[in-house]
Amino acid sequence: MSQEGYDHTAVESRWQAAWDDAAVYHTPDDVEDPTYVLGMYPYPSGKLHMGHVRNYTITDAYARYRRMRGDDVLHPMGWDAFGLPAENAAKERDTNPRDWTMDCIDTMRGQMKSMGFGYDWDREITTCTPEYYEWNQWLFRRFHEEGLAERRDAEVNWCPSCETVLADEQVEGDAELCWRCDTPVEDRELEQWFLRITEYADELLEAIDDLEGWPNSVRQMQRNWIGRQYGTQLEFHIDGHGPVEAFTTRVDTIHGATFFALAPDHPISEALASEDDAVHEFVHHEADPEGDEPNGVETGLTATNPATGEEIPVFVADFVLSDVGTGALMAVPAHDERDHAFAEKMDVEIRPVIAPEPDDWDDDTAPDTPDVSEEAFTEDGVLINSGEYSGLRSETARERLTEAIESAEESTQYQLRDWGISRQRYWGTPIPIVHCHDDCGSVLVPEEDLPVELPEFINTTGNPLDAAEEWKATICPECGGSATRETDTMDTFVDSSWYFLRYVSPGAEEVPFDLDRANDWMPVDQYVGGIEHAVMHLLYSRFVTKTIADHEGLEHREPFTNLLAQGMVQLDGEKMSKSKGNTVSPQRIVEEYGADTARLFMMQAAQPERDFDWSEEGVRSTYRFLTRLADLVEEYVADDAATAPADADRDTVDDYVANETDAAVAIAGAEYDDLTFNVALREAQDLVRTLRSYREHAEPHPETYARGLDVAVRLLAPVAPHLAEELWETLERDGFAVDAEWPTATVDRVTVERRRRLVENTREDVRDIVDVAGIEDPQRIDVVVAPDWKYDALSIALDSDAGNLIGELMQESHIREQGDDAASYGHDLQANREALRETLSGDDEYDALRAAAWLIEREFDAPVVVERAADADDAVVRKAEPGRPAIDIVE
RNA sequence: GCGGGGGUGGCUGAGCCUGGCCAAAAGCGGCGGACUUAAGAUCCGCUCCUGUAGAGGUUCGAGGGUUCGAAUCCCUUCCCCCGCACCA
């Protein structure tokens, strides 16, 4: 018995080399519709962390499982290789982003190989190579040609530390911090390239409903992010400034609008600030859009309510945001909490115009006016104090008012903004544009001149491309005059928004991807990655897929059929992070315990979407399990003498083990299908435990034992592939375990569960009796299965909906013949009518109990006799019921 | 505030969708036993309370409800985590 465990290092490197030599994970281009299993490709930051290991173990286990099921599988890996950290690292180390990145990739690829992840490395992609980013540029051209890319002045999020622009999605939290470096983000006005994702807002939103293979949380986050709202856009006239657009979802409350409010950076506010000291003071010094307290200043102007003609005061208020709606709003303090708070503070009238609809409202009587002095009434209801609209329900009133007010029209607002892709950094895809020094403007670089390659890295502050004078100077493709290259590069989310298509034909030189093959192979069947990409990456990928479907003939409008957002690996309930210093190094675990242990521990610790705590104890326990399994198989092969001769009769114990082997197959397969590896692995581990007892307590029947070991190895193969491969060979099976067929079962799950329940209950009962009766040393234990008529009676009771069950039972002569026993059992059935459950048949119960008798013998060290009712003493038989055999213990 | 996910025995963590066989898997920890010179590893059993033949009691955040029956379904409430948010 090994104490220090098996030689995982030797086993793992041996099989990694063997797989490599045989190219077992290669997916030929000509396979049809392979199962596409994909983990989100990593940013090559240097080393794999536990999050990566979990992510890629999930995809790898699933890919291996599908392969054993006979599918062709596409399971590629690549590198999200552009990005700011490389630039920072290059500066620190006085190297360049390319070399640094490539080093990281080499390290991480090696680590992935040592984890035994079965990728088709022939399809590896690296986004920072011109072979890849050429197609980002090509896509940009296509976007531009289709009017989906445009350059415009924009107020942008600027991270002073990263010295670049960030998308809204990359700004986090109330404090507006950069997602990468947590620096507070500033606003800047810059000319930027945008991809018009808002063109697809409706489809992106509505198609979420059909993404049934996605977690609800992600779907909801995307819905929120798109933030579609139906409402009314209308104009309020402000003296001296003309009509001002406002957006409202509650035009039904317009008669209660008692003031009008402008964002501090609204053009009118800015105009006023230059002439009015109070407004100037407020706009430039007091306004605090981040604060909880609504602040504002009265302008002295009035706005005309387009519904009533009423003149209402105009405020500049910091709770009005210029990027929401139109940056101007009609305020209805009686029916909006925020307006209410502001009105109270500034002492503006609060005028209720909506009343809650009474329960049995007759449509005519005016409902009671709500008390809005303390709190706004914000729900829909019935209009009051609204002239001819009084008495209408909110919804109707909205329609009518939108129709009646001249400047009003229905309007849909989105929270989603266009995707600003310009980044003022070096390490990204150059945007293929040149700015003509004459009159051609911004001109696309012609397709034949792609890729626009990055120049050598210049270590400088600011954007290194700006400093690359020679590179910048070019010729205008339109007029042949001098021109300057665009120095912005693309957001790296552009790279990842279509990389899953590139894997289909990674070497394609003429096209970004092979269209026919993509049509056949896409969408990704199972995508796995972190929840942090719920909005950005997944939304952009959906958007780009849709544009490619519309303009390039891709026949899929969604890239990912099933999405799994894997949970975090924690330590003591806290997320592992470098800054907290509570990380566990995958490399150390692999060295100490092996990749199989790390993988198996993670997969059996919890469902893949749940967070779980890393536990060194758990790892050791997993390692011991694998060691025991290895010992078991090796002993079996080394020492045939321990098993019964090949022609030996099968014993009941053998039946038990054969049954349990089948049971494990039946359950594990279904659970692998659902990606609930933890449950599947429990079966595999239980089976190994059973096999160990089998060997310990009986003379294993060679066939049964061999099949048990063989099945256990295969059930574990997706998660612990190296050891599985080693043991597969030890068992002298042909070919690779990787390519082995998934075992098949002859039982269904329901039968398995009933059988196990019966055995477990019976064992439990024997224990209880021995314990309660104080039996020191049982001489014999008789287990008696109920007579057939009771099974018949039970089945009649289950089918029957008659009021008098006993009467119905007594119509059966073979039951009636039982006399008092029948009446008594009938009463039991009647009493428990609702709780009756189907059991195994009498024969099956007899077989199952005979097969399990050895467990009881082993536990109580006494012979166990399983009998049918006909062979047993009547007094004992009387206590037996279906699902519950009678037990008689002889002291 | 809105939305999403949770709260299970000493700990971790299944079960909840599809109510009953659930005092509730598995692992860890703890206890007892076997083996061993010993330790480790391994194996067997125990690990909510009471009970001299398979019983009863109290448990799955809290409180109600539905049901013959609830960890599981419904409502209310408290707490934790995550995302979004002065969103007009």
Side-chain angles (χ1 to χ4, degrees), chain A residues 1-5 172-174 215-221 223-225 227 229 231 246-250 261 288-294 317-321 323-332 336-339 341-342 413-415 531-532 534-535 567-568 573 601 604-607 609-618 620-622 624-625 627-628 631 676 678-679 681-682 685-686 689 692-693 696-697 753-754 756-758 760-762 764-775 831-839 858-859 861 879 883-889:
Chain A
M1 191 76 42
S2 20
Q3 292 177 23
E4 56 291 308
E172 290 180 339
D174 284 341
N216 283 331
S217 56
V218 175
R219 295 209 275 173
Q220 196 56 39
M221 282 164 80
R223 286 192 191 102
N224 289 345
W225 190 262
Q229 267 190 318
F247 174 79
T248 178
T249 54
R250 292 298 305 275
D288 176 20
E290 264 88 64
D292 289 335
E293 187 75 358
D318 61 5
F319 71 84
V320 185
L321 307 176
D323 58 350
V324 176
T326 61
L329 58 83
M330 67 171 208
V332 185
D336 181 282
E337 282 171 26
R338 190 199 44 224
D339 296 350
F342 189 79
Q413 293 277 321
Y414 300 89
Q415 186 180 256
I531 188 73
E532 65 272 22
V535 175
M568 283 187 301
F601 167 68
Q604 52 109 68
Q607 293 173 2
E609 50 275 275
R610 296 268 282 234
D611 296 344
F612 79 95
D613 265 26
W614 181 265
S615 142
E616 198 78 14
E617 281 302 337
R620 276 198 283 272
S621 153
T622 302
R624 288 199 301 264
F625 166 78
T627 305
R628 288 197 296 269
D631 289 345
T676 38
N678 54 332
V679 182
L681 293 166
R682 185 164 82 210
Q685 291 181 298
D686 282 349
R689 193 200 326 262
R692 285 181 67 79
S693 301
E696 201 85 12
H697 295 275
E753 276 157 15
R754 283 184 190 151
R756 286 182 174 173
R757 184 60 57 191
L758 172 73
E760 203 32 65
N761 282 347
T762 306
E764 197 64 44
D765 284 347
V766 174
R767 274 177 216 135
D768 274 355
I769 294 167
V770 167
D771 186 35
V772 173
I775 298 169
N832 297 304
R833 197 85 182 264
E834 307 288 342
L836 298 177
R837 298 282 293 224
E838 214 175 313
T839 64
R858 186 186 69 188
E859 187 172 338
D861 199 22
K879 285 191 271 183
R884 186 132 222 204
I887 295 162
D888 189 46
I889 301 175

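Numbers restart at 1 for each chain; the letters A, B, ... are given by sequence-line order, proteins then strands. Quantities reported herein were computed from a predicted structural model and do not represent experimental measurements. Just the heavy atoms: all of them, side chains too, but no hydrogens, waters or symmetry mates, feed the values below.
Across the strands present, rA70(B) finds no partner; the criterion is a Watson-Crick or G-U wobble pair with both atom distances under 3.5 angstrom. In this entry rU42(B) has rA34(B) as its Watson-Crick or G-U wobble partner, both defining distances falling under 3.5 Å. The partner of rC84(B) is rG1(B), by the rule that a Watson-Crick or G-U pair needs both atom distances under 3.5 Å.
Base contact: Gln415(A) has a heavy atom under 4.0 Å from a base atom. In this structure, Arg689(A) reaches the sugar-phosphate backbone alone: every heavy-atom distance under 4.0 Å involves primed, P, OP1 or OP2 atoms, never a base. Residue-level contact check: Ser615(A) touches neither bases nor backbone, having no heavy atom under 4.0 Å from any strand. Val320(A) comes within 4.0 angstrom of a base, heavy atoms only. Using a 4.0 Å heavy-atom cutoff across all strands shown, Arg219(A) reaches no nucleic acid atom at all. Note on Ile531(A): nothing from the nucleic acid sits closer than 4.0 angstrom, heavy atoms only. In this structure, Thr622(A) reaches neither bases nor backbone, as no heavy-atom distance under 4.0 Å exists between it and the strands shown. Heavy atoms of Leu321(A) sit under 4.0 angstrom from at least one base atom. Among the heavy atoms of the strands, none lies under 4.0 Å from Asp336(A). Here Glu293(A) lies in heavy-atom contact (under 4.0 Å) with a base. If you check every strand for non-hydrogen atoms under 4.0 Å, Arg754(A) touches nothing. Using a 4.0 Å heavy-atom criterion, one finds that Gly618(A) contacts no nucleic acid atom at all.
For CD of Glu616(A), the number of neighbouring non-hydrogen atoms (other residues, nucleotides, ligands) closer than 6.0 Å is greater than 12.
Between Asn224(A) atom CG and rC87(B) atom C1' the separation is 11 Å, expressed in whole Å.
The heavy-atom pair separating Pro294(A) from Phe319(A) by the smallest distance is CB-CD2, 3.7 Å. Minimum interatomic distance between Asp339(A) and Val332(A) (heavy atoms only, all atoms of both residues): OD2-N, 2.9 Å.
Distance CE/Met330(A) to CG/Asp336(A): 9.5 Å, rounded to 0.5 Å.
Thr839(A) is linked by a side-chain contact (heavy atoms from CB on, under 4.5 Å) to Tyr791(A), Leu794(A), Glu845(A), Pro882(A), counting only residues two or more places apart in sequence or in another chain.
rC48(B) sits 23 Å from rA53(B) when the C1' atoms are compared, rounded to a whole Å. The P atoms of rC49(B) and rC11(B) are separated by 15 Å, rounded to the nearest whole Å. As rounded to the nearest Å, rG15(B) and rA71(B) have C1' atoms that lie 8 Å from one another. Comparing rG1(B) with rA85(B), their C1' atoms are spaced 8 Å from each other, to the whole Å. With both ends at atom C1', the span from rG7(B) to rU77(B) equals 14 Å, rounded to whole Å. Nucleotides rA25(B) and rG20(B) have their P atoms positioned 15 Å apart, rounded to a whole Å. Annotation: rC46(B) and rU36(B) have their C1' atoms spaced 23 Å apart (nearest Å). Comparing the C1' positions of rG54(B) and rC60(B) gives an interatomic distance of 26 Å, to the nearest angstrom.
Side-chain contact of Gln220(A) with Arg223(A): a donor-acceptor pair under 3.5 Å is present, judged by distance alone.
Listed nucleotides rA53(B), rG4(B), rC86(B) differ in distance to Asp888(A); the shortest reach to its side chain belongs to rA53(B). Each of rC84(B), rG54(B), rG83(B) was ranked by its minimum atom distance to the side chain of Trp225(A); first place goes to rC84(B). For Ser693(A), counting side-chain heavy atoms from C-beta on, the closest listed nucleotide (rU42(B), rC44(B), rA88(B)) is rC44(B). In the set rC28(B), rG54(B), rA88(B), rA88(B) carries the atom at the smallest distance from any side-chain atom of Gln229(A).
For rC82(B), neither phosphate oxygen OP1 nor OP2 lies less than 4.0 angstrom from any side-chain nitrogen or oxygen of Ser217(A). Applying the 4.0 Å criterion to OP1 and OP2 of rG15(B), one finds that Gln607(A) has a side-chain N or O inside that range. In this model, the phosphate group of rA41(B) is not approached by any side-chain N or O of Arg620(A) to a distance below 4.0 Å at OP1 or OP2.
Ion pair Asp888(A)/Lys879(A) not flagged as a salt bridge, since none of the NZ, NE, NH1 or NH2 atoms sits closer than 4.0 Å to an Asp/Glu carboxylate oxygen.
Annotation: of the two residues near RNA chain B, Glu617(A) and Asn678(A), the 5′-most nearest-nucleotide partner is Asn678(A). Residue Leu758(A) is the one, among Leu758(A) and Gly327(A), whose nearest nucleotide of RNA chain B lies closer to the 5' end (criterion: closest heavy atom).
The base of rA25(B) lies close enough to the side chain of Arg682(A) for a donor and an acceptor atom to sit less than 3.5 Å apart.
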